Enquirer: 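Here you go, one structure.
All ligand and atom numbering here is 1-based and tracks the order in the structure. Keep in mind that what you see is a predicted model, and the values were worked out from it rather than measured.
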Amino acid sequence: MKVHEYQAKKVLSGYGVPVPKGMVASTPPEAAAAAKELGGKVVVKAQVHAGGRGKAGGVKVVSSPGEAESFAASILGKNLVTIQTGPEGVPVRKVLVEQASQIERELYLAMLVDGGTKGIVIMASEAGGMEIEEVAARTPEKILRVKIDPALGLQPFQARKVAYFLNLKDDQVRAATKLVSSVYQTFVENDASLVEINPLVVTKDGSVLAVDAKLNIEDDALFRHPALKELHDPEQEEAIEVRARQAGLSYVQLDGNVGCMVNGAGLAMATMDVTVAAGARPANFLDVGGGADEAKVAEATRILLQSPGVDAILVNIFGGILRCDVVARGLMMGAESAGRNLLPMVVRMLGTNAEEGRKLLEGSSLDVTLVNNLAEAAAAVKKIV
Ligand code: GDP
Ligand code: MN
């Protein structure tokens, strides 16, 4: 789960991470009042669950309350489209007004759970700021990675290593070492999956400050953090993902045109690979799960049929506890109630009641191609798209 920058900063500052003084505003006059209270020269920042705001016109340094008000008026209530949002963007309901920092250097600091090393990894770079993706792609040697042993936790020498890599001097080393350990404590105690501070700033007067902050909390741990769970902002998510989660489906939106419906995460991954191998692109990852019933399969079918950009549907079911006839009935039910012209469907069914499921689909009004294995599924998808 993502939270807004102002919320992330509040959590981080509770652990002693220095952040600029700031206030949240929901209306232009509130932004003006905040700017006045903070001394006039402020930065006004759109609060959305996406990075890339700077380049998209969602962040502006201004020098008077009047300017803060007019910039806030120009973004509040509108959608902000950044490189990290969909083409429609996400709504800006609040702005963060902060004392503008006198920036000397923009550094990068992040911590994330790394599946490869099965632990938390710290990433740091002197080349922070809005071009960090470029740096990672072209000059990865400019990024330090420090792996933390989960049993030992962050060691003081590791925090110092980060500070020296960032080319910090004297007092700054001490400040940054403390900051790294505060970020680590925030990460662990809140079950984060990502903390990213970009930029971590060295100001003209030599202090070290988190000017931007991202905090993602592991969904499966949210039950342990009721206060964080409260921060959930469904307006910032793709409507279809919210709908899928409400139905108990594991769903991730992608940008292809083949809607996939599968039971089991591993099979879903394999199905997406098959789709790509067939020269097509999956529109989504969708795992209906082992315990799905007809209603759940029907909702999954409707979601696929109603997703813009989906041209064909690939269903790959290995019947176990989830019976193939249940899936067939769910597909028929969903298609009937979706209110959209039927799309060509390629269906592979194996396992419990597969014969019955196939018969139901053959006798239905669906535009369905039944196949026996993944190779046939790939060929059928290729033919359609
Ligand atoms: P992002 O583009 O969504 O990551 O938003 P950031 O909060 O990182 O802001 C983008 C850029 O705006 C930063 O990299 C800075 O260069 C600039 N910026 C943000 N806050 C300030 C500030 O207080 N003072 C100055 N001078 N620049 C700022
Ligand atoms: Mn940033």
Enquirer: Under a strict 4.0 Å criterion on non-hydrogen atoms, which protein residues are in contact with ligand 1?
Expert: Val43, Lys45, Gly51, Gly52, Arg53, Gly54, Val59, Val61, Ala100, Ser101, Ile103, Glu106, Met130, Asn198, Pro199, Val211, Asp212
Enquirer: For a quick check under 3.5 Å, do Asp273 and Thr275 share a side-chain donor-acceptor pair by atom type?
Expert: no
Enquirer: Before you tell me yes or no, could you show the steps for Ser193 and Asn216 under side-chain hydrogen bond (donor to acceptor under 3.5 Å, both in side chains), namely the whole-Å CA-CA distance, both residues' side-chain angles and the distance that decides it to 0.1 Å?
Expert: CA-CA 6 Å; Ser193 54; Asn216 295 358; 4.7 Å; no
Enquirer: So does Lys9 pair up with Glu98, basic N to acidic O under 4.0 Å?
Expert: yes
Enquirer: Ion pair present between Arg243 and Glu299, side-chain N to carboxylate O less than 4.0 angstrom?
Expert: yes
Enquirer: Any salt bridge (Lys or Arg N to Asp or Glu O under 4.0 Å) involving residues 26-46? Give me the pairs, sequence neighbours left out, ordered by first then second residue.
Expert: Glu5-Lys45
Enquirer: Kindly write out the residues that satisfy side chain to side chain donor-acceptor pair (under 3.5 Å) with Arg281, not counting sequence neighbours, or none if the list is empty.
Expert: Asp255
Enquirer: Any side-chain donor paired with an acceptor under 3.5 Å for Tyr15 and Glu189?
Expert: yes
Enquirer: Distance alone, cut at 3.5 Å: any donor-acceptor contact between the side chains of Asn190 and His225?
Expert: no
Enquirer: So, with waters excluded, how many protein N/O/S atoms does the Mn ion (ligand 2) have closer than 2.8 Å?
Expert: 2
Enquirer: Before giving the answer on side-chain hydrogen bond (donor to acceptor under 3.5 Å, both in side chains), spell out for Ser63 and Glu67 the whole-Å C-alpha distance, their side-chain angles and the decisive distance to 0.1 Å.
Expert: CA-CA 7 Å; Ser63 41; Glu67 274 182 69; 3.1 Å; yes
